[in-house]
Amino acid sequence: MKRDYYDVLGVERDADDAQIKKAFRKLARQFHPDVNPDDPEAEARFKELAEAYEVLSDDQTRAAYDRYGFDGLRGQAVPDFSQFGFADLFDVFFGGDPFGSVLRASGAGGPWGESAMAGAPRGDDVEVAVELELVEAVFGAKRDVEVRADVPCETCEGSGAKPGTGRERCPQCQGTGRMREVSSLGGFGQFIRTSTCNLCRGQGTIVREPCTTCRGTGRTRATRTVTVEVPAGIDDGQRLRITGQGGAGGPGARPGDLYVLARVKPDPRFRRDGDDLVYRLDLTMVDAALGLRTLVPALDGDIDLKIAPGSQPGDVKVFRNRGVPVLQGHGRGDLRVVLNVTVPRHLSDEQRELLRHFEELSTDKNYQPDEGFLDKLRAAFRQ
């Protein structure tokens with residue numbers, strides 16, 4: 001049974017990104033096999049740490065895990081680190097040798113031993129765009145996207161070797177993917193400098209007879225369909241990262257990531273302002289003066305709105321929690337209805353006469369403001 005990711009890293013649930021990264025790096029070095037030669041669980045422990053870090057270091061997967069636990073990660077493309085070797089994982093997370101390119105060494109070789117194998121190159125990251133209606137961006141959606149990227153070669157099953165043959169251990173680096181250069185410091189011991197093996201290019205294995213389909217790369221180009229879970233509250237121009245759904249890597253290497261760019265279509269009814277939605281309600285000057293009841297559209301059902309007599313242009317009615325869900329958070333924004341009082345442009349003679357008569361009957365009291373602009377602004381925020 002999986003352990004809670006926060007317990008795995010030994011951090012509190014409100015830990016920030018820097019604390020999570022610091023905890024991971026500390027524990028990752030602690031469970032290096034060379035530091036724990038008698039502990040058969042060291043490598044498995046590191047893979048558990050890597051999975052926890054991969055989830056908690058990404059805002060999207062962390063929010064899903066915080067809200068729903070492990071069930072929330074279904075469909076989130078969290079990689080299965082059990083398929084990767086320890087050396088490959090260190091290369092992924094630490095960019096090669098976890099303790100630096102120059103290893104501290106004495107006559108006994110130093111406390112860390114040799115560096116991890118560099119490994120095959122990681123797969124390419126791929127970006128696609130997905131077009132969304134406003135309602136899909138607000139409430140989330142599931143969309144299929146076409147991804148053109150490298151995939152494991154079907155002929156050689158990603159090995160790069162001709163069917164019937166296999167990959168062989170590199171004779172130059174003896175399968176480590178690294179070459180060591182030892183420099184003597186006289187009576188002060190020696191430095192051991194490591195570099196990627198130029199024969200196997202860090203993979204630790206070579207192909208004597210390459211696959212004719214992929215020419216030994218283990219990859220071919222193809223188009224595949226990926227189902228994307230678009231989270232509620234995403235905005236135009238934001239990107240989603242789906243780990244491991246990019247291009248396939250070289251033999252034994254992890255794939256790249258898929259980035260999905262959200263393009264939200266303009267909506268003819270609403271304008272989005274952060275997590276709020278703004279709707280303009282057009283009223284005639286008669287409706288504004290006499291008041292009325294009307295239905296105002298909202299994305300999750302119409303709202304019955306009462307317009308008070310004497311409503312003014314620019315008045316704002318606020319409906320709490322009827323806007324956009326907070327992305328990777330809690331709650332929703334508001335729906336703000338802005339009153340737009342329209343003035344008639346084309347009047348008949350009779351209408352002009354009626355307006356003149358109305359003006360003759362009007363006094364200063366008819367136009368006396370109940371509150372100033374700042375008062376109305378404060379009231380809008382109080383609602």
Side-chain angles (χ1 to χ4, degrees), residues 58-68 72-77 126-147 225-243 245 257-284 287 292-307 311 313-342 377 380-383:
D58 181 272
D59 290 341
Q60 179 185 342
T61 53
R62 183 179 182 181
Y65 177 73
D66 286 346
R67 186 175 298 182
Y68 304 111
L73 300 178
R74 294 176 183 174
Q76 294 286 340
V126 180
E127 180 173 285
V128 297
V130 60
E131 198 170 63
L132 302 167
E133 301 291 344
L134 178 62
V135 66
E136 293 177 309
V138 169
F139 296 115
K142 181 182 292 186
R143 302 292 290 272
D144 291 336
V145 297
E146 299 297 314
V147 179
T225 301
V226 176
T227 300
V228 178
E229 295 280 355
V230 179
I234 196 167
D235 203 353
D236 182 63
Q238 291 183 320
R239 296 197 307 168
L240 302 173
R241 179 171 70 94
I242 305 179
T243 306
Q245 289 294 328
D257 298 333
L258 173 63
Y259 289 87
V260 181
L261 176 65
R263 289 299 187 196
V264 182
K265 297 179 183 178
D267 190 281
R269 299 169 300 168
F270 303 100
R271 178 176 63 84
R272 182 169 176 175
D273 182 14
D275 292 327
D276 292 345
L277 292 176
V278 180
Y279 175 76
R280 189 184 75 176
L281 177 61
D282 292 331
L283 300 173
T284 67
D287 288 337
L292 81 160
R293 298 184 73 96
T294 186
L295 290 179
V296 173
L299 291 178
D300 51 359
D302 291 345
I303 299 173
D304 184 18
L305 175 61
K306 181 180 180 180
I307 305 297
S311 293
D315 281 355
V316 180
K317 308 297 182 183
V318 180
F319 296 92
R320 299 297 185 195
N321 298 314
R322 299 300 293 269
V324 181
V326 178
L327 183 64
Q328 300 171 352
H330 303 284
R332 292 174 61 178
D334 304 326
L335 172 63
R336 304 202 306 268
V337 179
V338 180
L339 303 187
N340 179 49
V341 179
T342 59
L377 186 63
F381 284 100
R382 288 198 302 266
Q383 294 186 48

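If you read the sequence from its start, that first residue is 1, and numbering goes on from there.
- Side-chain contact check for Leu305 versus Leu295: every heavy-atom pair is 4.5 Å or farther apart.
- Atom-to-atom distance recorded for Arg280:CZ and Arg336:CZ is 15.0 Å, nearest 0.5 angstrom.
- For the pair Asp304/Lys306, no side-chain contact is recorded, criterion being any heavy-atom separation below 4.5 Å from C-beta on.
- Leu132 approaches Ala262 most closely through the heavy-atom pair CD1-CB, 4.2 Å.
- The side-chain heavy atoms of Glu146 and Val128, taken from C-beta on, include no pair separated by under 4.5 Å.
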key: Ile307 and Leu339: CA distance, side-chain angles, deciding distance, side-chain contact (heavy atoms from CB on, under 4.5 Å) verdict   = CA-CA 9 Å; Ile307 305 297; Leu339 303 187; 3.9 Å; yes

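- Taking every heavy atom of both residues into account, Leu327 and Gly233 meet most closely at CB-O, 3.9 Å.
- With values rounded to the nearest 0.5 angstrom, Phe319 atom CZ is found 13.0 Å from Leu277 atom CG.
- Looking only at side-chain heavy atoms (C-beta outward), Arg269 and Leu299 come within less than 4.5 Å of each other.
- At distances below 3.5 Å, at least one donor-acceptor pair connects side-chain atoms of Arg322 with backbone N or O atoms of Gly301.
- Residues Arg272 and Asp236 are not paired through a salt bridge, judged by the lack of any N-O separation under 4.0 Å between the basic side chain and the carboxylate.
- To the nearest 0.5 Å, the span separating CG on Leu258 from CD on Glu127 amounts to 9.0 Å.
- Applying side-chain contact (heavy atoms from CB on, under 4.5 Å) to Tyr279 and the options Val296, Val338, Ile303 leaves one that passes, Val296.
- Rounding to the nearest 0.5 Å gives a distance of 9.0 Å between CG of Leu134 and CG of Asp235.
- At least one donor-acceptor pair under 3.5 Å links the side chain of Asp334 to the backbone N or O of Asn321.
- His330 and Val326 make their closest contact through O-CG2, 3.3 Å (heavy atoms, listed as atom of the first residue, atom of the second, distance).
- Put simply, the side chain of Thr342 gets close to the backbone of Leu283: a donor and an acceptor are under 3.5 Å apart.
- Using modelled atom types, one side-chain atom of Arg332 and one backbone atom of Gly323 make a donor-acceptor pair closer than 3.5 Å.
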field: Candidate pair Val228 and Leu240, rule side-chain contact (heavy atoms from CB on, under 4.5 Å), full reasoning
entry: CA-CA 9 Å; Val228 178; Leu240 302 173; 3.9 Å; yes

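- Considering every non-hydrogen atom in both Val226 and Val147, the closest pair reads CG2-CG2, 3.8 Å.
- The nearest pair of heavy atoms linking Gly237 to Leu261 is O-CD1, 3.5 Å.
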Using salt bridge (Lys or Arg N to Asp or Glu O under 4.0 Å), reason through Asp315 and Lys317 one step at a time and then give a plain yes or no.
CA-CA 7 Å; Asp315 281 355; Lys317 308 297 182 183; 5.3 Å; no

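- The OG1 atom of Thr225 sits 6.0 Å away from atom CG of Asp144, with the distance rounded to the nearest 0.5 Å.
- Residue Arg143 forms a salt bridge (Lys or Arg N to Asp or Glu O under 4.0 Å) with just one option from Glu136, Glu133, Glu131, and that option is Glu136.
- Considering all non-hydrogen atoms of both residues, Lys142 and Glu229 come closest at CE-OE2, 2.8 Å.
- Summarising the geometry, atom CZ belonging to Phe270 is positioned 6.0 Å from atom CG belonging to Leu335; distances are rounded to the nearest 0.5 Å.
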